[in-house]
Amino acid sequence: MTPLDPTPRRGDAGDGLGARLPRIDGRAKVRGAASYALDHPVEGVAHAVIVQSTIPAGRVRTIDTRAASAAPGVLLVLTPDSTPPLRAASTWTGEAPTQPEYRPLEHTIRYTGQQIAAVVAETLEQATEAAALLRVAYDREPAVAGMDDPAAGEGNPLPPLAIERGDAALAFAGAPVRLTAEYRTPREYQMPIEPHGLIARWEGDALTIWEHSQWLDGMARTYAEWFGIPFEKVRLISPYIGGGFGSKALALAHGALAALAARQLGRPVKLALTRPQTFTAFGGRAATRQVLELGATAEGRLLAIRQRGCNETSVDGVWIEPLSSVTALMYDLPNFSSQQHLVPVNTVLPFAKRAPGENPSAFGLECAMDELAYAVGVDPLALRLRNHAERDPQSGKPWSTRRLREAFAAGAEAFGWARRRMAPGSLREGRLLIGWGMAAGTYPVRRSPGEAMVRVLADGTVEVASSTSDMGTGAYTILAQTAAAVFSVPLAQVRVRLGDSSLPRAPVTGGSQMAGLMTGAVDKAARAAREELIGLALTDPRSPLRGVANTLAVEHGHLVPPRGEAPPLPIGALLTALGRDRIEALRDTLSENGLTPEDRYRAFTTVSSMRPPTDGDYSMHSWCAHFVEVAVDEALRSIRLRRIVTAFDAGRLYNPKLAESQIKGGIIMGIGQALLEGGMIDPRQARVLNNNLADYLLPTNADVPSIEVISVGEPDPHASALGGKGVGELGIVGVAPAIANAVFHATGKRVRELPITMADLV
Ligand code: MCN
Ligand code: MOS
């Protein structure tokens, strides 16, 4: 490259932020060069296999380990009797442990599939064989299979989640139009293609763990606390992740077991869960149920919503799937009352799956809005515009940006919504009943501190380093683009290192916050490094540009005097002239000064520092509108999607190709939720029956129609340093109700429970 040759341009933004570029890690991934946690070659590794409970409640009376221990290659059998307790770790939300000890294996059984033993052997086959030889005797107790089990009862109220705004009961009673309906979503599972597992290795009191992670620092903290070693002694490594969707944010019991076994054996241990084991080794989305009462004027203006909901949790833990999260703020709604119960059942503790809360919340609300549209005879889109909220009705704060109207308009235009006729069954193609449905979605802007290191090396390479993770989202690419923009260098000149807890700190890659906060951190660090370069170039005695001007620009990776006083100098050449191999800058996005090291540590290793969307003067959210077409075979009642158009506002897009890909991924997951997914629970054993990818149905290419994605966002200066809002979870919110509404339009059948199957339409 000769100096000042324009770098290859792709789109208006070059290789910088905003350019529509493919993922820089894409080639490595498709060619098998990207190494995932379990691929890592570790000398002398032993293999662990987990054994799970076959009863839902009771106690392990005995585990006869004799045959297993004597089996070929077996090195260690861990049972509740033989496993020493670890120290309890504080929770991911930052609360101190309530008990001193943590036992990854316990006698008390709370759900089918709970881990009760582990076998470690020389080979995976030997460990698997020996695990089958364990003889477990249980004392069984009655279990609660799910929320609908008569033994489940009403559950426990959650007062902190209750919302009372205006007088919903009164307004509902006096409303000219009233609707009451119950909406339900089943247990759902994240099901990333890369199943869960890890390799643990001790060297003295230092623990290295190769484990996929949405939160390197949070998981490293948990391991450190479990084993009573300093945080710095734990190194988590996970440069690539085969999807997480919320399931890879925490250190889990099988991780504790692998690390424990490795310490006990004095050699590295690898543990991979089988696909069926992943259904109970960590929690998926909780099943939910909500009754919505909508009161409206005859023209469809909302007067009141009363919401009574519940979600499943485990018998010994609390997981909240907040059902009011969209209901409370989507529409101009003067009177709102919401209460939620938690129903403890014998399940693994549910956890976050893409848009926890917003997703089932929107399913109820956006179906109910469609029902209201039919009750008052107003087009569903017109009804939503009629109820548009000009500010957040819950916090009373103005929206930072809300281009939902624009999303409705752009989506409707691209879809051809204006041609829709209201009556169900009015569109037909031969034996196909065609239905058009729509729904809105939203996801809050969350913010935590992030930290990044930017280095400029003597060969001109710009290096970005952070412990944040890329689950397939595109973090490598957008962070490279961020640095490329600051130095105006081609992407090929930037190297990004992520997914290693020894790198600068980052909070959880959850809540769709990472792109906004890490582009901010990288931009800040890169600017600091650029300033330092310029300063050195102007003042260092060895700099060829010393004294030539009183300012310099950085263009195309060169230091450029403003009026051509001297030839442009490549940034690497300056370092060489100075005899330095690098300059570097570490910056974070913590706004508060004077944080103690302990505060900093907590900020990155717990979610205690995550700011809610209404923290500050504005209420900040991303928005979307989905328009879908379904075809229902009149005779077979099979449901096929024909096309989806989604318009969204996620502020400025750091990379439109990747943001659109995120939205498409969310939509595809929403298709699964609407038509295919759902844990089937055996009422006798409280067991997930379809615990494999043959029976737990996910959308395949053949299930996915053409998807058109349109961005209508504009930079939101309040939401993040560089103006973007989250997209990772946004796309799934509202998909299932849009599909349910389309099915209604096709068939006249209102299905209020997911997934919607042929059986619902006969
Ligand atoms: N992006 C953009 N412009 C924006 C915002 C985001 O171009 N204004 C693009 C970037 O490529 C960025 C990606 O979208 O890397 C996601 O950014 P963001 O919305 O900040 O989400 P996170 O980086 O925090 O990723 C987590 C989020 C969550 S919480 C779940 S759940 C989820 C999701 O991302 N899990 C995923 N998307 C996933 N995608 C894949 N492939 N795999 C998962 O497990
Ligand atoms: Mo996403 S469910 O917040 O990891």
Side-chain angles (χ1 to χ4, degrees), residues 36-38 40 42 45-46 48 50 76 78 83-97 99-106 115 118 120 196-239 241 244 247-273 281-282 349 351 467-469 498-510 598 600-608:
Y36 292 80
L38 290 171
H40 189 78
V42 175
V45 74
I50 286 289
L76 180 68
L78 291 170
T83 306
L86 300 172
R87 298 191 199 181
S90 42
T91 66
W92 62 290
T93 52
E95 284 130 47
Q99 285 142 9
E101 288 181 347
Y102 167 61
R103 292 179 179 274
L105 297 176
E106 285 178 273
Q115 294 165 25
V120 190
H196 287 54
L198 70 155
I199 302 169
R201 184 177 73 191
W202 289 89
E203 282 143 311
D205 65 345
L207 174 61
T208 303
I209 294 189
W210 288 269
E211 185 172 14
H212 45 62
S213 175
Q214 291 181 232
W215 193 8
L216 286 291
D217 295 331
M219 286 172 62
R221 172 189 57 76
T222 308
Y223 283 107
E225 290 181 16
W226 277 343
F227 289 93
I229 55 177
F231 175 71
E232 293 71 26
K233 289 278 184 185
V234 179
R235 181 168 175 206
L236 223 82
I237 305 174
S238 123
I241 303 170
S247 69
K248 291 176 177 170
L250 305 182
L252 298 163
H254 62 264
L257 285 175
L260 223 158
R263 194 178 61 178
Q264 217 151 307
L265 290 171
R267 62 189 271 194
V269 168
K270 178 172 184 167
L271 188 156
L273 297 177
F282 51 88
L349 181 64
F351 198 66
S467 68
T468 191
S469 43
L498 305 178
D500 185 330
S501 66
S502 68
L503 298 173
R505 308 267 79 89
V508 63
T509 306
E598 180 57 23
R600 277 184 65 78
Y601 172 66
R602 275 175 57 84
F604 293 115
T605 62
T606 72
V607 295
S608 58

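Note that the numbering runs from 1 along the sequence shown for the chain.
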* Asked: Which of these passes side-chain hydrogen bond (donor to acceptor under 3.5 Å, both in side chains) with S90: R602, E95, R221?
  ->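 Going through R602, E95, R221 one by one, the side-chain hydrogen bond (donor to acceptor under 3.5 Å, both in side chains) with S90 is satisfied by R221 alone.
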Atom pair [atom1] ([X]) and [atom2] ([Y]), whose distance is rounded to the nearest 0.5 Å:
X: S469; Y: M219; atom1: OG; atom2: CE; result: 9.5 Å
X: L257; Y: L252; atom1: CG; atom2: CG; result: 11.0 Å
X: D500; Y: W210; atom1: CG; atom2: CH2; result: 10.5 Å
X: T605; Y: E225; atom1: OG1; atom2: CD; result: 7.5 Å
X: I50; Y: L271; atom1: CD1; atom2: CG; result: 5.0 Å
X: L236; Y: L503; atom1: CG; atom2: CG; result: 11.5 Å

What is the minimum heavy-atom distance between [X] and [Y], and which atoms define it?
X: F604; Y: W215; result: O-NE1, 2.8 Å
X: Q115; Y: A281; result: NE2-CB, 3.5 Å
X: I241; Y: Y36; result: C-CE2, 3.5 Å
X: L498; Y: T468; result: CB-O, 3.2 Å
X: A256; Y: Y102; result: CB-CE2, 3.9 Å
X: V269; Y: A258; result: CB-O, 3.8 Å

- Query: Is it true that the side chains of S213 and E211 contain a donor and an acceptor less than 3.5 Å apart?
  - Reply: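 Judged by distance alone, the side chains do not pair up.
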If only atom types and distance count, is the side chain of [X] paired as donor or acceptor with the main-chain N or O of [Y] below 3.5 Å?
X: H212; Y: S238; value: no
X: S467; Y: A506; value: yes
X: R267; Y: R263; value: no
X: W202; Y: A259; value: yes

Can you tell if the side chain of [X] reaches within under 4.5 Å of the side chain of [Y], non-hydrogen atoms only?
X: S247; Y: H196; value: yes
X: D217; Y: F231; value: yes
X: Q264; Y: V120; value: no
X: L38; Y: I199; value: yes
X: F282; Y: L250; value: no
X: K270; Y: V42; value: no

_Single hit among L207, L86, L260 for side chain to side chain contact (heavy atoms under 4.5 Å, CB included) with W226_ =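 In the set L207, L86, L260, the residue that makes a side chain to side chain contact (heavy atoms under 4.5 Å, CB included) with W226 is L86.
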